[in-house]
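I have placed the structure first, in the form of structure tokens, so that the comments after it can refer back to it.
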Amino acid sequence: AFIMSMMLGAFGLFAFSGRPDHDQARVDLCETYSADYGNDWWFLTYQGWAYTENGNVSLGRTISERAFAARRQNANAVHGLAHAMFEDGSVAEADALLRQWMPSYDTSGIQHGHLTWHCALLALEQDNSVRALDLFTSTFRPSATLAAPMNVVTDGVSLLWRLLLDGRPVPQEAWREMADYATKTFPKTGLAFADAHMGLLAAATGNLVDLDRRISELDQRLSQGVLAAGPVVPAICRAARAFAEANYRDCVTILEPVTSEIIRIGGSHAQREVFEDTYLIALIKSGDLARARLVLDQRIHRRPSLRHDRWLAQQHSRLDGTLTTSRN
């Protein structure tokens with residue numbers, strides 16, 4: 001179980017291998033040993049999450065529900081179930097699950113901060129940016145959480161960047177606290193998932209010296225053949241800079257060739273979505289409304305989302321207005 005766990009997590013060896021098929025690799029490993037583990041609650045937790053992440057959300061949710069029923073104090077089962085509900089659009093159900101379960105979970109638990117981040121994502125889905133920011137401030141900002149550094153940085157940065165994408169105000173002190181913590185924790189390149197988020201952070205805080213240094217290091221690692229996730233990592237960092245400087249067409253140009261490669265940085269679909277959202281909002285802000293609507297249609301087909309529905313409605317309105325103006 002210990003060896004398997006090293007392979008199967010969102011930050012596990014498969015996820016951080018740079019492989020574009022790491023979701024399928026987890027499923028294959030679980031299926032190989034499914035008969036041996038049977039109804040073991042630990043195994044079902046990983047198996048359910050693996051199916052969810054690989055696109056079989058219905059089966060993933062069913063197995064995650066079995067894992068949770070077998071051991072209701074299992075934070076990883078709650079986490080897997082929250083992912084499945086997020087992916088199938090069951091926002092109210094996921095919110096109710098976490099609101100009911102979280103009060104019994106000790107704040108020192110390794111998943112406490114990350115599960116609160118999930119609560120914040122659900123708040124954004126429900127157009128409640130105030131609650132999302134309150135959860136960051138009270139629970140998973142660096143000075144408030146006991147989570148592992150990878151979660152502290154990636155959860156905090158991605159939540160603040162999502163607020164930025166939604167056009168919501170983000171207090172400068174929130175960005176400063178994230179920057180003070182993250183630059184000490186991940187001062188150099190090395191982990192693609194962290195590097196991508198550090199790119200967002202440096203761009204949002206205007207730390208162009210650090211951003212350019214990180215991009216240079218990533219380019220060097222890429223040229224040496226030791227950047228497992230490939231060119232998508234420096235591309236995300238460059239795109240973040242372009243977005244923060246309102247060069248939205250440049251952001252689109254940088255991200256478009258690597259959008260299918262974002263999976264190589266690891267993490268989960270829910271975590272990686274912030275980079276896809278950056279591409280989408282850059283399309284909108286650059287005026288390419290027709291292509292933005294096409295991307296949104298594809299996204300909503302994959303994952304039902306109230307937040308995406310609002311974006312799509314806005315783009316329908318803008319595109320219809322543009323066409324009307326053109327006819328006149």
Query - Gap between atom CG of L44 and atom OG of S64 - 0.5 Å precision - result: 9.0 Å

Query - SB check E273 R299 (cutoff 4.0 Å) - result: yes

Query raised in the report: In terms of hydrophobic clusters joined by side-chain contacts under 4.5 Å, are I254 and I262 together?
Result: no

Query raised in the report: Would you call D277 and H308 a side-chain contact if the rule is heavy atoms closer than 4.5 Å?
Result: yes

Requested in this report: Could you grab the distance from atom CD of Q271 to atom NE2 of H83, nearest 0.5 Å is fine?
Outcome: 6.0 Å

**Report entry** Test item: L133 and P169 side chains (from C-beta on) under 4.5 Å apart, heavy atoms
**Finding:** no

Report task. Using only heavy-atom distances, determine whether the side chains of S108 and D106 contain a donor-acceptor pair under 3.5 Å. Result -> yes

Report summary line: On a heavy-atom basis, the closest approach of L201 and A182 is CD2-CB, 3.4 Å

Requested in this report: Run the salt-bridge test on R238 and D219 with the 4.0 Å N-O cut-off and return the result as yes or no.
Outcome: yes

**Report entry** Sidechain N-carboxylate O distance under 4.0 Å for E276, R303
**Finding:** no

Query raised in the report: What do the steps show when you test S90 against D88 for side-chain hydrogen bond (donor to acceptor under 3.5 Å, both in side chains), and what is the final call?
Result: CA-CA 6 Å; S90 301; D88 71 15; 2.6 Å; yes

Query raised in the report: What's the verdict on side-chain contact (heavy atoms from CB on, under 4.5 Å) for L29 and Y33, showing C-alpha distance, side-chain angles and the deciding distance?
Result: CA-CA 7 Å; L29 183 62; Y33 295 102; 3.7 Å; yes

Query raised in the report: According to the interplanar angle, ranging from 0 to 90°, do the rings of W117 and H114 count as parallel (below 30°), tilted (30 to 60°) or perpendicular (above 60°)?
Result: parallel

Query raised in the report: Under 4.5 Å between any side-chain heavy atoms of D127 and R307, yes or no?
Result: no

**Report entry** Contact summary for S17 and A228, nearest pair of heavy atoms
**Finding:** O-CB, 3.5 Å

Query raised in the report: Taking the side chain from W311 and the backbone from D166, do they hold a donor-acceptor pair closer than 3.5 Å?
Result: no

Query raised in the report: Are E217 and R213 within salt-bridge range, i.e. N to O under 4.0 Å?
Result: yes

**Report entry** Worked verdict on Y279 versus V252 for side-chain contact (heavy atoms from CB on, under 4.5 Å)
**Finding:** CA-CA 6 Å; Y279 171 65; V252 169; 3.9 Å; yes

Requested in this report: Keeping the roles fixed (side chain from S158, backbone from D155), state whether a donor-acceptor pair exists under 3.5 Å.
Outcome: yes

Query raised in the report: Transitively linked via ILVMFWY side-chain contacts under 4.5 Å: V233 with L13?
Result: no

Requested in this report: Find out if a path of hydrophobic residues (ILVMFWY) with successive side-chain heavy-atom gaps under 4.5 Å connects L280 to L289.
Outcome: yes

Query raised in the report: Would you say Q47's side chain and S34's backbone share a donor-acceptor pair under 3.5 angstrom?
Result: no

Report task. Kindly check if the number of other-residue, nucleotide or ligand heavy atoms within 6.0 Å of CD (Q224) is above 12? Result -> yes

**Report entry** Short side-chain donor-acceptor distance under 3.5 Å, E177 and S143
**Finding:** yes

Query raised in the report: According to a 4.5 Å side-chain heavy-atom criterion applied to Ile, Leu, Val, Met, Phe, Trp and Tyr, with indirect links allowed, do L121 and W101 form part of one hydrophobic cluster?
Result: yes

Report task. Would you mind reporting whether I281 and F243 have side-chain heavy atoms less than 4.5 Å apart? Result -> yes

Report task. Determine whether L124 and L163 make a side-chain contact, defined as any pair of heavy atoms from C-beta on separated by less than 4.5 Å. Result -> yes

Requested in this report: Begin with the C-alpha distance, continue with both residues' side-chain angles, and end with the deciding distance and a verdict on side-chain contact (heavy atoms from CB on, under 4.5 Å) for H269 and D23.
Outcome: CA-CA 10 Å; H269 277 292; D23 286 339; 3.7 Å; yes

Query raised in the report: Can you tell me if N54 uses its side chain to pair, donor with acceptor, with the backbone of Q24 under 3.5 Å?
Result: yes

Report task. Evaluate the ring planes of H79 and W49, with Trp represented by its six-membered ring, and classify them as parallel (under 30°), tilted (30 to 60°) or perpendicular (over 60°). Result -> parallel

**Report entry** Pairwise distance CG(L159) to CZ(F140) - rounded to 0.5 angstrom
**Finding:** 4.0 Å

Query raised in the report: Just by distance, do the side chain of T139 and the backbone of F136 share a donor-acceptor pair under 3.5 Å?
Result: no

Query raised in the report: Only one of D210, D212, D250 clears salt bridge (Lys or Arg N to Asp or Glu O under 4.0 Å) with R241; which?
Result: D212

Query raised in the report: Do V153 and W175 belong together in a cluster built from hydrophobic side chains that touch within less than 4.5 Å?
Result: yes

**Report entry** CD1/I110: more than 12 non-hydrogen atoms of other groups inside 6.0 Å
**Finding:** no

Query raised in the report: Got a donor-acceptor contact below 3.5 angstrom from the R264 side chain to the G18 backbone?
Result: yes

Query - R26 side, atom CZ; T52 side, atom OG1 - distance, nearest 0.5 Å - result: 10.5 Å

Requested in this report: Say whether, by atom type as modelled, one donor and one acceptor occur between the side chain of R272 and the main chain of G267 under 3.5 angstrom.
Outcome: yes

Query raised in the report: Are C119 and R99 side-chain neighbours, meaning at least one heavy-atom pair lies under 4.5 Å?
Result: no

Report task. Output the distance between atom CZ (F68) and atom CD (Q73), rounded to the nearest 0.5 Å. Result -> 9.5 Å

Report task. Taking all heavy atoms of F193 and all of I265, pick out the closest pair and write down the distance. Result -> CB-O, 3.4 Å

Query raised in the report: Is it the case that N74 and T45 place a side-chain donor and acceptor less than 3.5 Å from each other?
Result: yes

Query raised in the report: How about F275 and H197: are their ring centres within less than 6.0 Å of each other?
Result: yes

Query - Side chains of L98 and L122 in contact at under 4.5 Å (non-hydrogen atoms) - result: yes

**Report entry** 4.5 Å side-chain heavy-atom contact, Y181 and F186
**Finding:** no

**Report entry** Nearest atoms (heavy-atom pairs only) where H118 meets A82
**Finding:** ND1-CB, 4.5 Å

**Report entry** Under the side chain to side chain contact (heavy atoms under 4.5 Å, CB included) test, residues paired with W42 that sit two or more places apart
**Finding:** A1, M4, S5, Y37, D40, Y46

Query - Main-chain N/O of I263 paired to H22 side chain as donor or acceptor, under 3.5 Å - result: yes

Query raised in the report: Has the side chain of Y105 got a donor or acceptor atom that lies under 3.5 Å from a matching backbone atom of Q111?
Result: yes

Query raised in the report: Just how far is it from atom OG of S104 to atom CZ of R72, taken to the nearest 0.5 Å?
Result: 9.5 Å

Report task. Taking all non-hydrogen atoms of both residues into account, name the closest pair between A147 and V152 and its distance. Result -> O-CG2, 3.5 Å

Query raised in the report: Any luck finding a side-chain donor-acceptor pair between E125 and S305 under 3.5 Å?
Result: yes

**Report entry** Flag, side chain of T253 to backbone of R249, donor-acceptor distance under 3.5 Å
**Finding:** yes

Query raised in the report: For V258 and A235, which heavy atoms make the closest approach, and how far apart are they?
Result: CG2-CB, 3.9 Å

